[in-house]
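Because the structure is predicted, anything quoted here is derived from the model rather than measured. Starting from 1, each residue takes its place in the sequence as its number.
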Amino acid sequence: MGPNELSLAPVHRLIKKAGAARASEEAAEALRQILEELGLAIAREAYSLAQYAGRRTVRREDIERAARTLLRGYYSTQ
């Protein structure tokens with residue numbers, strides 16, 4: 001995928017915010033990889049939605065709809 005878009009420090013903070021006292025570098029790297037892949041998938045879907053609507057600009061609602069579509073199980077429990 002190329003260079004990382006997310007730095008490790010915020011990923012470590014997310015893990016700690018979830019309740020972990022400590023997180024290994026490998027754990028943070030794994031989460032970073034997953035978040036980047038998921039973010040890219042959501043962005044691609046949102047871009048497709050914007051194109052379908054005849055727009056070149058991706059809007060917040062495109063991102064939200066794409067996330068709901070790709071994360072159906074997660075959003076149904078919220």
Subject >> Minimum heavy-atom distance R55-T57, with the two atoms named >> reply: NH1-O, 2.8 Å

Original post:
When rounded to the nearest 0.5 angstrom, what is the spacing between CD1 in I42 and CG in L71?
Top reply: 5.0 Å

**OP:** Grab the two heavy atoms, one from A28 and one from V11, that are nearest each other, plus how far apart they are.
**Re:** O-CG1, 3.3 Å

**OP:** State yes or no: do Y47 and Y52 share one hydrophobic cluster built from I, L, V, M, F, W and Y residues joined by side-chain heavy-atom distances below 4.5 Å, directly or via other members?
**Re:** no

Original post:
Nearest heavy-atom pair of A46 and A66: which atoms, and what distance?
Top reply: N-CB, 3.6 Å

Original post:
Would L35 and L14 count as a side chain to side chain contact (heavy atoms under 4.5 Å, CB included) if you check the C-alpha gap in whole Å, the side-chain angles of each, and the deciding distance to 0.1 Å?
Top reply: CA-CA 11 Å; L35 291 174; L14 284 173; 4.0 Å; yes

Original post:
Can you check whether E61's main-chain N or O pairs, donor with acceptor, with R59's side chain at less than 3.5 Å?
Top reply: no

**OP:** Verify side chain to side chain contact (heavy atoms under 4.5 Å, CB included) between R13 and K16, making sure each step is shown before the conclusion.
**Re:** CA-CA 5 Å; R13 285 194 298 272; K16 287 185 178 186; 5.7 Å; no

Original post:
In the single-linkage hydrophobic clustering (I, L, V, M, F, W, Y; side-chain heavy atoms under 4.5 Å), do I34 and I63 co-cluster?
Top reply: no

Original post:
Is there a donor-acceptor pair under 3.5 Å between the side chain of E36 and the backbone N or O of E5?
Top reply: yes

**OP:** Consider only side-chain heavy atoms of I, L, V, M, F, W and Y, link residues closer than 4.5 Å, and tell whether L40 and L49 are in one cluster.
**Re:** no

Original post:
Could you give the distance from NE2 (H12) to CD (E29), rounded to the nearest 0.5 Å?
Top reply: 9.0 Å

**OP:** With rounding to the nearest 0.5 Å, note down the distance linking CG in L6 to CD in Q33.
**Re:** 10.0 Å

Subject >> Spacing of CZ belonging to R32 relative to CD belonging to E25, to within rounding of 0.5 Å >> reply: 9.0 Å

